[in-house]
Protein chains: 2
Amino acid sequence: MALGKDYVAQECSIARALEVVGERWTLLVVRDAFYGVRRYNDFLVHLGIPRAVLAARLQTLTAAGVLEKRRYQESPPRDEYVLTERGRGLWPTVRSLGLWGRLHFTETLLRYFRHTICGTELGPYGECAACGTVVPLEDVEMMPGPGLDPAPEDPVSRALLKPKRLLQPIETEPLGTEPLGTEPLKADPV
Amino acid sequence: MALGKDYVAQECSIARALEVVGERWTLLVVRDAFYGVRRYNDFLVHLGIPRAVLAARLQTLTAAGVLEKRRYQESPPRDEYVLTERGRGLWPTVRSLGLWGRLHFTETLLRYFRHTICGTELGPYGECAACGTVVPLEDVEMMPGPGLDPAPEDPVSRALLKPKRLLQPIETEPLGTEPLGTEPLKADPV
DNA sequence: ACGTCTTGGTTCATTCACCGAACCTTGGGT
DNA sequence: ACCCAAGGTTCGGTGAATGAACCAAGACGT
C-alpha cells in the first residue's frame, strides 16, 4: 500500500492481501488482465487511469508476483503484462466482487460469464452448477450483456464487446478500422 | 470513491462495487463487522484507523446500505453498526481475498473458519466439503491459528482470540480485567 | 538523412485524501 | 461541581492521485 503507514498492525491475511491489491485502480487493472488486456496502452485507454499511476501499479503488481512482464516482440522491444498463477488466484475475489456489484448497484446486466463447455452461467465463485466443478479460467467465456454501450469510444472496449475466453489476449482492430459510416458524418450535435 | 473522479467511466459492476468498498480501510471495516465488531471505539482500537477516516467510512457504508446504524441503548444514547443483508453478501469476497492473502503472503496460519455443525474447515468459497453446502454465516466459527499474537494490546484483539461465530458481537472484557500476573511484572526488556 | 509515428514511459505543479493530535458534545456517575 | 466514556468534528501537515507536458527508443515512409 505504501500510504503513510501500511496496514502493518493488522494480523490478518486480508490486510496482507489488501497491501497488494487494495490501492486505488489496482483491482481494476487485475480485472482487465483477466479480460485479456496485456499492454500498457490498452490498460491506459480502457481504464482512463493517469499514466504515472498505471506505471506504478504495474510495477507493484509485478513486484508482488501477480503480473509477469514478458517480452512479446523484439524488433521494437515491447513487453506485455500477464497474470501469473498467483494473479489468477484472484479470480474468485474478482468474480464475487463483480457479482455483488451487479446484484446491488447495477440496473441492467453488463456482462456475464458462462462455462464454455456446457453454457451455464457461473455461480458466485466461478463454479458451474451444472457440472458441479470450479471452472478453470480457460473454460470461462465472457459474454456481453444488454447494458453495455454498443459503440464505445476506445478500441479495447470495442474488442470486449464480443464473447471471448478469459485470459485470451484481446484483439484491437488495426487502426483505420472505424465502424463504416460513422466517421464521415461529423454531425453537429446541437 | 469520491476521489477526484470516481471510476465513472467504467461500465463494470466491479467498478461499481469498488466505489463502495474500494477505499482504503473500508474492506477492513467490513471484515471486522463480520468478526462481530460493532462499535465505533472497537473499530477504532482494533484497526488503528484515524478517527475522522473511520467516521467517514461508517458514514459511507451506512449510506450504501452495507451497514446499518442501530440504537442499542437509550440511557446514554449509543448506536452500533451491523452488517445488513447487502453487507453480508460481501462474505465470499472477504473470504476469498483472505484465503488468497493467506496462501501467498502469510507464513503461519492466523485464523481459519469451520462449519460449526460438523467441524470441517471451510473451503475456498465458504462451503463445507463434508456437508456439500455453502455454510450460512451463523454457522461459521472463526478459530484462532498459531500465528496470532497470544497477548495483544487492544481488548478487541483479545476478544477475537477465542473461537466465536461470525457476526456474533464481541465481548470486550470490562475494564480492569488485565490478564492476571502480567501486569505487576514491569520487566525491563533490555 | 529527416521527420514522424507508436509504445511505454518520466517529470512536474496542483489538488485532494489521509494522518494524528486536539478539541467538542452528550449523557451519566459521584 | 467535577470527571469520565462514547462518539464524534476540526485543523494543520504530509503524501498520493491527477492530468498535462515532456522524453526516448525504435520502425517507417520519402
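Just so we're on the same page: letters track the sequence lines, and every chain starts at 1.
Atom-to-atom distance recorded for A:L18:CG and B:W25:CH2 is 10.5 Å, nearest 0.5 angstrom. Taking CG of A:L27 as the reference point, atom CD of A:E23 lies at 11.5 Å (rounded to 0.5 Å).
Side chain of A:R102 to backbone of A:Y112: no donor-acceptor contact under 3.5 angstrom is found.
Residue A:R38 places no side-chain N or O under 4.0 Å from the OP1 or OP2 atom of C:dG8. Contact annotation: B:K69 side-chain N/O to D:dG8 OP1/OP2 distance is under 4.0 Å. For C:dC19, the OP1/OP2 oxygens have a side-chain nitrogen or oxygen of B:W25 closer than 4.0 Å. When the side-chain nitrogen and oxygen atoms of A:R57 are compared with OP1 and OP2 of D:dA17, one or more of them lie within a distance under 4.0 Å. The phosphate of D:dG8 has OP1 or OP2 within less than 4.0 Å of a side-chain N or O from B:Y81.
Residue side chain B:R39 does not reach the base of D:dG7 through any donor-acceptor N/O pair under 3.5 Å, judged by distance alone. Contact of B:R51 with D:dG7 (side chain to base): a donor-acceptor pair of N or O atoms is detected under 3.5 Å.
Across all strands, A:Y72 comes closer than 4.0 Å only to sugar-phosphate atoms, never to a base (heavy-atom distances). Contacts of B:A52 with the nucleic acid, taken as non-hydrogen atoms under 4.0 Å apart, include base atoms.
The CG atom of A:L44 sits 11 Å away from the C1' atom of D:dG19 (whole-angstrom rounding). When the P atom of D:dA17 is taken as reference, atom CG of A:L28 falls 14 Å away, rounded to whole Å.
Positionally, the nearest nucleotide of DNA chain D for A:V53 lies more toward the 5' end than for the other of A:V53 and A:S75. Where A:E74 and A:I49 meet DNA chain D, the nucleotide closest to each residue was compared, and A:I49 sits on the side nearer the 5' end.
Pairs of residues two or more places apart, or lying in two chains, that qualify as ring-ring contact (aromatic ring centres under 6.0 Å, His included) and include a residue from residues 26-49 of chain B are B:F34-B:W91.
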